[in-house]
Number of protein chains: 2
Amino acid sequence: MTDITADPGRDRPRSASPTLHDVARHAGVSLATASRVLNGSTRKVAESYGDRVRSSAELLGYSANLSAQATAKGTSAIIALLVADIADPYFGLLASGVAHGADEAGLVVTIAITERDAEREIRLVRALRGQRPRGLILAASRRAETTDPRLKHELDALTAGGGRIVTVGPGGGDFPAVLIDNRGGARALGVALAARGYRSAIVLGALEGVRTSDDRIEGFSEGFRSGGGDISRVIRGGFDREGGTSAMDEALAGGVAPGAVVFGISDVIALGAVSAIRKAGREVGADIAVAGFDDIPTGKDVTPALTTVHVPLTQVGHEALRAVLDDSWVSGETIILEVLLRESTPQR
Amino acid sequence: MTDITADPGRDRPRSASPTLHDVARHAGVSLATASRVLNGSTRKVAESYGDRVRSSAELLGYSANLSAQATAKGTSAIIALLVADIADPYFGLLASGVAHGADEAGLVVTIAITERDAEREIRLVRALRGQRPRGLILAASRRAETTDPRLKHELDALTAGGGRIVTVGPGGGDFPAVLIDNRGGARALGVALAARGYRSAIVLGALEGVRTSDDRIEGFSEGFRSGGGDISRVIRGGFDREGGTSAMDEALAGGVAPGAVVFGISDVIALGAVSAIRKAGREVGADIAVAGFDDIPTGKDVTPALTTVHVPLTQVGHEALRAVLDDSWVSGETIILEVLLRESTPQR
DNA sequence: TTGTAGGCGTTATCAT
DNA sequence: ATGATAACGCCTACAA
């Protein structure tokens with residue numbers, strides 16, 4: 001008969017990660033002391049002990065168990081990020097800014113993708129909530145104030161649990177927001193295009209109710225009209241490239257006069273439109289001008305280069321992170337956008 | 001004097017999230033029972049109790065505390081993803097696949113960005129390790145077998161802690177990998193370009209030692225030479241757009257004969273090259289042909305459309321996720337790539 | 001300054 | 001099938 005107590009192994013099952021306990025024992029100090037030097041902060045501990053503990057930790061390859069820390073402290077070092085589609089450059093750039101900021105702050109970011117599906121979004125927030133994140137950055141294109149009560153419920157639960165929520169984009173919701181001046185930027189674009197001599201425009205937008213889209217459409221219309229232009233059509237579709245091509249197909253089917261300008265409310269949509277225009281045998285630029293919004297890198301690579309409105313996405317992400325960490329943060333400066341006139345909208 | 005025990009509030013500090021305890025009490029069952037119906041699985045519990053518990057949970061807005069679950073179970077529901085740069089479409093697409101798969105599996109994805117900085121990478125793995133993730137997907141461009149021992153140490157610690165590691169890309173490391181046939185794809189591209197009549201090529205790659213880059217360079221060289229072509233120069237630089245432009249500038253300074261083809265080992269690099277070529281007043285296509293690798297969406301939008309090798313990144317990400325979850329997974333089918341000949345490399 | 005001990009929200013073992 | 005109860009790894013009054 002083997003001695004059941006002796007059999008399983010040495011002291012500890014040396015397969016799992018070393019615990020704080022292991023480190024303390026190895027350093028010959030108490031758990032509390034080890035905790036203080038390794039994780040806790042303000043407390044003071046003698047130099048000699050500190051060094052002992054640190055080297056033991058190093059030697060053992062100790063890494064604090066964040067989950068345990070979180071359950072003990074009641075709060076985690078996690079920032080949750082909710083985006084519509086991480087493969088979309090808009091969100092990629094944004095996520096990049098968030099991730100950088102998080103890294104600087106010693107936080108970890110958890111990411112989830114809504115695919116612009118409301119049900120999915122609710123499910124995801126619920127799941128994210130399980131992490132008791134320190135904060136949640138909501139960057140998925142919000143649909144107006146029509147916020148689903150169930151989503152609202154999950155969101156409230158998250159804040160009730162001590163997490164801060166920050167939205168990025170249009171703002172106007174129930175949470176602090178990093179404001180992007182979509183309306184102003186679009187207005188400036190409208191004015192600039194009118195000044196370039198355009199008089200007729202077709203707008204390609206997302207579904208009605210998507211704030212970002214609505215704001216850009218309205219702003220553009222104001223600006224373009226104030227410059228003497230006329231919006232001949234507003235076609236709504238998906239927020240992706242495919243949405244742009246089909247909307248443009250529809251526009252072309254209805255007839256597009258030479259010299260008109262097409263405003264896609266995002267560069268991705270505009271690029272889809274460019275593709276549709278080409279496929280229809282028309283020329284982008286002098287024949288049918290195209291402008292977008294966001295200033296994703298691709299816009300500079302296409303020919304003719306895409307006129308757009310620059311949105312400092314990485315910076316926005318970074319600011320969103322700071323905002324979510326700062327309890328006193330309510331609203332920063334609205335992010336001002338800059339019009340970038342390029343060859344896709346030549347002077348007429 | 002206020003009664004200190006009565007003062008702070010009702011039963012519980014009704015500000016934090018309701019706990020399993022709250023739910024159990026509300027439903028009038030034991031903690032264990034509540035746990036079984038809500039989270040645990042196999043165990044059976046009477047229908048009546050089950051319903052009671054579920055509705056209590058619903059009513060209270062209960063959401064399992066993942067951290068607590070993790071400390072109790074010793075394993076988390078987290079998948080960590082390490083990429084070089086989330087704003088790069090390559091990684092964006094990959095992350096998208098991972099995120100989708102994770103969602104299906106009820107897992108949460110934590111993301112970190114190395115920026116191709118070795119020090120940073122070590123730090124990040126250490127941080128990620130704190131989460132005791134169920135798995136880690138390593139997609140940051142690995143630098144050959146020159147793996148830093150400290151990184152190796154962190155990685156080993158992570159597996160020792162029960163996490164599985166899967167790399168995506170070249171493979172050949174110490175961990176299971178989702179293999180991408182960079183070499184074969186590049187070889188096929190070389191052959192195809194030679195068949196299109198090209199005889200002289202300039203290769204724009206990343207720094208020596210970056211496996212993905214090296215494999216693509218070697219594969220391309222083999223293929224192109226086998227078709228009768230000649231590699232006139234190999235210029236190495238950064239893995240981003242800027243790396244492509246400066247490498248191309250260098251190539252142009254040395255002189256590039258009309259009819260040559262430039263192979264950028266990634267689309268992003270190739271796009272940078274295109275930009276440099278244009279700026280130098282040369283024409284892309286008939287004059288200087290350009291080919292890339294990856295097949296990022298932008299490649300279809302530029303003019304002339306970019307010849308490239310399609311890498312099913314989203315699928316790769318999805319497979320990486322499955323691989324990291326499946327302990328018995330060692331290596332799947334190598335991902336086969338497909339050459340996409342477009343207008344940037346016209347027939348000569 | 002250091003250690004002791006109780007608690008964080010869950011899970012899982014073991015009786016019942 | 002259900003319910004106490006001891007972990008899980010860590011933090012933090014409180015005591016020494």
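Chain letters run A, B, ... following the sequence lines, proteins first and then strands; every chain starts at 1.
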Between A/Ser67 and B/Thr71, do the side chains contain an N or O donor and an N or O acceptor separated by less than 3.5 Å?
no
I need the CD-P distance between A/Gln131 and C/dT10, as an integer number of Å.
14 Å
Any side-chain donor paired with an acceptor under 3.5 Å for B/Thr110 and B/Gln131?
yes
What nucleic acid atoms does A/Thr71 come within less than 4.0 Å of, heavy atoms only: base, sugar-phosphate, or nothing?
base
Rounded to the nearest angstrom, tell me the gap between atom CG in A/Leu31 and atom P in D/dT12.
13 Å
Just to be sure I understand the rule, does B/Ala64 reach a base, reach only the sugar-phosphate, or reach nothing, if contact means heavy atoms closer than 4.0 Å?
sugar-phosphate
Among D/dT12, D/dC8, D/dG9, the one nearest A/Ala32 by side-chain distance:
D/dT12
Sole candidate of A/Leu124, A/Ile122, A/Leu138 that passes side chain to side chain contact (heavy atoms under 4.5 Å, CB included) when paired with A/Leu151
A/Ile122
Angle of first-five versus last-five pair axes in the helix from C/dT1-D/dA16 to C/dT16-D/dA1, to 10 degrees
40°
Taking only side-chain nitrogens and oxygens of B/Thr33, does any of them come within less than 4.0 Å of OP1 or OP2 of D/dG3?
yes
Considering only side-chain heavy atoms of B/Arg36, which listed nucleotide, C/dG9, C/dT4, D/dT2, is closest?
D/dT2
Over all atoms of both residues, closest heavy-atom pair of B/Val29 and B/Tyr49:
CG1-CD2, 4.0 Å
In whole angstroms, the gap separating P of D/dC10 from CG of A/Leu38 amounts to 9 Å
Heavy atoms from C-beta onward define the side chain here; which of D/dG9, C/dG9, D/dG3 lies closest to that of B/Ala68?
C/dG9
Looking only at heavy atoms, what is the nearest atom pair of B/Ala77 and B/Arg134, with distance?
CA-NH1, 4.1 Å
Candidates C/dT10, D/dG3, C/dG7 - which lies nearest the side chain of B/Thr19:
C/dT10
Value in whole Å for how far the P atom of C/dG9 lies from CD of A/Gln69
16 Å
By nearest-nucleotide position on DNA chain D, the 5'-leaning member of B/Gly28 and A/Tyr62 is B/Gly28
Check the distance between D/dA7's C1' and A/Asn65's CG and give it to me in whole angstrom.
14 Å
For the side chain of A/Arg132 and the base of C/dG9, is some donor closer than 3.5 Å to an acceptor across the two?
no
Gap between atom CG of B/Leu155 and atom CD of B/Glu121 - 0.5 Å precision
8.0 Å
Which of residues 47-55 of chain B have a heavy atom under 4.0 Å from DNA chain D?
B/Tyr49
Distance in angstrom units between B/Arg25 CZ and C/dG9 P, rounded:
12 Å
Search all heavy atoms of B/Ala127 against all heavy atoms of A/Leu66 and return the closest pair with its distance.
O-CD2, 4.0 Å
Over how many whole Å does the gap from A/Leu20 atom CG to D/dC8 atom P extend?
14 Å
Side-chain N or O of A/Asn39 closer than 4.0 Å to phosphate OP1/OP2 of D/dC11:
yes
Taking NZ from B/Lys73 and C1' from C/dG9, how many angstroms apart are they, rounded to a whole number?
13 Å
Is it true that A/Arg150 and A/Glu119 have a side-chain N and a carboxylate O under 4.0 angstrom from each other?
yes
Under 4.0 Å between a side-chain N/O of B/Ser30 and OP1 or OP2 of D/dT2, yes or no?
no
Give me the atom names and distance for the closest heavy-atom approach of B/Phe91 to B/Val83.
CD2-CB, 3.7 Å
Looking at B/Leu94 and B/Ala139, what are the two nearest heavy atoms and their distance?
CD2-CB, 3.3 Å
